[in-house]
Number of protein chains: 2
Amino acid sequence: MSQTWTISDLSREFGVTPRTIRFYEDENLLTPAREGQNRIYSARDRARLAWILRGRRVGFSLAEITEMLDLYDLDDGRETQRQVTLEKCRDRLAALENQRADLDATIDELAGFCRLLEELKAGVPLEEIRRKHHAKLRSVAE
Amino acid sequence: MSQTWTISDLSREFGVTPRTIRFYEDENLLTPAREGQNRIYSARDRARLAWILRGRRVGFSLAEITEMLDLYDLDDGRETQRQVTLEKCRDRLAALENQRADLDATIDELAGFCRLLEELKAGVPLEEIRRKHHAKLRSVAE
DNA sequence: AATGACCTTGACGTTTACGTAAAGGTAAAC
DNA sequence: GTTTACCTTTACGTAAACGTCAAGGTCATT
C-alpha cells in the first residue's frame, strides 16, 4: 500500500545520478529493500535522501551527514546513549549556528557590494557612496 | 608604515598551514609582495584570506570563492562590465539565500530533535511528545 | 529473436584541496 | 661556526565524492 520508488525515480526527482544514490548506499547512508536484484526505495529512504542532499547543499561532508543521521538512528533508548546523543546534537547545532553567522556575514557583504554597484550605475557620486559604505568592504576589494 | 605579516603569522592567526596559504597563491587567490624570496602579506591580503576562509567554512569551493572575489576585482569601471558584475552578484546572492533557507531548515529539524531528546530525558510520556513533534521528523528517523 | 529501456556489479579514472616529504637558502642565537 | 628557526620551491601522495566505462541480467515491444 505504501508508495515505493525505483532508483531512476529518485534520480529524476532529486536531480542526481543513480551512481550517486548507489554511492550513498555503499557508504551506508541508505539501505533500500530489494526486489530480486533491483533496489526499492521506501518513503523513509526517500526522506533520508532528501536530508542527505540538503546537507550536501549546505556544505557538509558525507561523514558529517552520516553522523547527523546517526543521531536519529543510534538512539537505542538507553539512558546513557541518549545523553551522548543529546550532547552531540547540541554540538552540531552550535556549529550550524556559527555557520549561519558566517553565511549571514557573506550575504551582507555581497548585498552591500551589490548596492554599491547599483548606486554607481545610477550615477551617484563616489564621494557620497564612500560615506555610506564602510571600509571593511574596501579592505578586501582594494 | 602599514602593517604587514609573514606567512606563519597568518598561519597562526587563522589556524591554517602555510601550505594552504601558498596553495591559495598558486590558485591566484592571493598575490602577496616579496621581500627577497619571502612573502609579505598586506592588510588587503589578510582581509582576502579571511574572506576565503569564511567562504570555505560556509561550504564554497575555491572556484566559487574565486568567482566571488573576482566580482570585487574585475569591475574595471566600464559600463557593460559593471552590468555583468551586478548580474553575477545578484545570482550569487540568490544562491546564498537559498543556502540560508536550507541551513535554517536543517537547524530547525535538529533543534526539534534536540527538544525531543530533552523531553524524553525529563520523562515526558511518548504520547504527548508525539502530539507536539510533527511527522516530518519521524519520516527520516523511522 | 532482437531492439530498447531499464536495472545490476565491479573497477578504474578524475577533480578538489590540500598533506607530506625532499632539498635547500637565510639569518639570528649560542 | 653550527645549531635553530624560519622561509623557499618542486613534486609526489591522498581522501572525498563521485564519473565513466565495461560486461551483463531482465523484461516489454516490435
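Residue numbers begin at 1 in each chain, while the letters A, B, ... track the order of the sequences.
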Novice: For A:Arg22, which contact category applies under a 4.0 Å heavy-atom criterion: base, sugar-phosphate, or nothing?
Specialist: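 Base, at least one base heavy atom under 4.0 Å.
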Novice: Would you mind reading off the distance between B:Ile21 atom CD1 and D:dC6 atom C1', rounded to a whole angstrom?
Specialist: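 Distance, rounded to whole Å: 14 Å.
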Novice: Decide, yes or no, whether a salt bridge links B:Glu25 with B:Arg34 under the criterion of side-chain N to carboxylate O below 4.0 Å.
Specialist: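 Yes, B:Glu25 and B:Arg34 are salt-bridged.
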Novice: Within this structure, what is the CG-to-C1' distance between A:Leu29 and D:dA17, rounded to whole angstrom?
Specialist: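 Value for this atom pair: 12 Å.
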Novice: Output one line per pair: protein atom, nucleotide atom from nucleotides 23-27 of chain D, and distance, for all N/O pairs under 3.5 Å.
Specialist:
none

Novice: CD of B:Glu64 versus C1' of C:dT16: gap in Å, rounded?
Specialist: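 Atom-to-atom, B:Glu64 to C:dT16, this comes out as 12 Å.
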Novice: Rounded to whole Å, please give me the gap between CG in A:Asp26 and C1' in D:dA17.
Specialist: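 So the CG-C1' distance, A:Asp26 to D:dA17, works out to 12 Å.
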Novice: Salt-bridge test for B:Arg54 and A:Glu109: reply yes if a basic N is under 4.0 Å from a carboxylate O, no otherwise.
Specialist: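 Looking at A:Glu109 together with B:Arg54, the answer is yes, because their closest N to O distance falls below 4.0 Å.
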Novice: Taking atom C1' of D:dC6 as reference, at what distance in whole Å does atom OH of B:Tyr41 sit?
Specialist: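 Those two atoms, OH and C1', are 14 Å apart.
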Novice: May I ask you to decide whether A:Glu118 forms a salt bridge with B:Arg90, counting only side-chain N to carboxylate O separations under 4.0 Å?
Specialist: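 Yes.
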Novice: Parallel under 30°, tilted from 30 to 60°, perpendicular over 60°: which one fits the rings of A:Phe113 and B:Tyr72?
Specialist: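 Rings of A:Phe113 and B:Tyr72: tilted, as their planes differ by 30° to 60°.
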Novice: For residues 17-24 of chain B, dump all side-chain donor-acceptor pairs below 3.5 Å to protein atoms at least two apart in sequence or in another chain.
Specialist:
from    : atom 1 : to      : atom 2 : distance (Å)
B:Thr17 : OG1    : B:Thr20 : N      : 3.2
B:Thr17 : OG1    : B:Thr20 : OG1    : 3.0
B:Tyr24 : OH     : B:Arg56 : NH1    : 3.4

Novice: Measure from the side-chain N and O atoms of A:Ser11 to the backbone N and O of A:Ile7, and report whether any donor-acceptor pair falls under 3.5 Å.
Specialist: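 No, because the side chain of A:Ser11 does not come within donor-acceptor range (under 3.5 Å) of the backbone of A:Ile7.
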Novice: Does A:Arg39 put a side-chain nitrogen or oxygen below 4.0 Å from OP1 or OP2 of C:dC7?
Specialist: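 Indeed not, no polar side-chain atom of A:Arg39 lies that close.
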Novice: Within the side chain of B:Glu64, is there an N or O that forms a donor-acceptor pair under 3.5 Å with the backbone of B:Ser61?
Specialist: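 Here the side-chain-to-backbone pair exists.
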Novice: Write out a two-atom table: protein N or O, nucleotide N or O from nucleotides 17-19 of chain C, distance below 3.5 Å.
Specialist:
from   : atom 1 : to      : atom 2 : distance (Å)
C:dA17 : OP1    : B:Leu62 : N      : 2.7
C:dC18 : OP1    : B:Arg56 : NH1    : 2.8
C:dC18 : OP2    : B:Tyr24 : OH     : 2.7
C:dG19 : OP2    : B:Thr17 : OG1    : 2.7
C:dG19 : OP2    : B:Thr20 : OG1    : 3.3
C:dG19 : N7     : B:Arg19 : NE     : 3.2
C:dG19 : O6     : B:Arg19 : NH2    : 3.1

Novice: Quick one: side chain to side chain donor-acceptor pair (under 3.5 Å) partners of A:Asp104, sequence neighbours excluded?
Specialist: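 Side chain to side chain donor-acceptor pair (under 3.5 Å) check on A:Asp104 returns B:Arg100.
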Novice: Take the protein atom CD of B:Glu25 and the nucleotide atom P of D:dC7, then report the distance between them rounded to whole Å.
Specialist: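 So the CD-P distance, B:Glu25 to D:dC7, works out to 14 Å.
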Novice: So, A:Arg48 side chain and A:Leu29 main chain: donor-acceptor pair closer than 3.5 Å or not?
Specialist: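 Looks like yes, one N/O pair under 3.5 Å.
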Novice: For the residue pair A:Thr6 and A:Arg39, confirm or rule out a side-chain donor-acceptor distance under 3.5 Å.
Specialist: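 A:Arg39 and A:Thr6 do not have a side-chain donor-acceptor pair below 3.5 Å.
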Novice: Looking at residues at least two apart in the chain, or sitting in another chain, which of them share a side chain to side chain donor-acceptor pair (under 3.5 Å) with B:Ser42?
Specialist: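 Side chain to side chain donor-acceptor pair (under 3.5 Å) check on B:Ser42 returns B:Asp45.
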Novice: Distances for protein N/O vs nucleotides 3-6 of chain C N/O pairs under 3.5 angstrom?
Specialist:
none

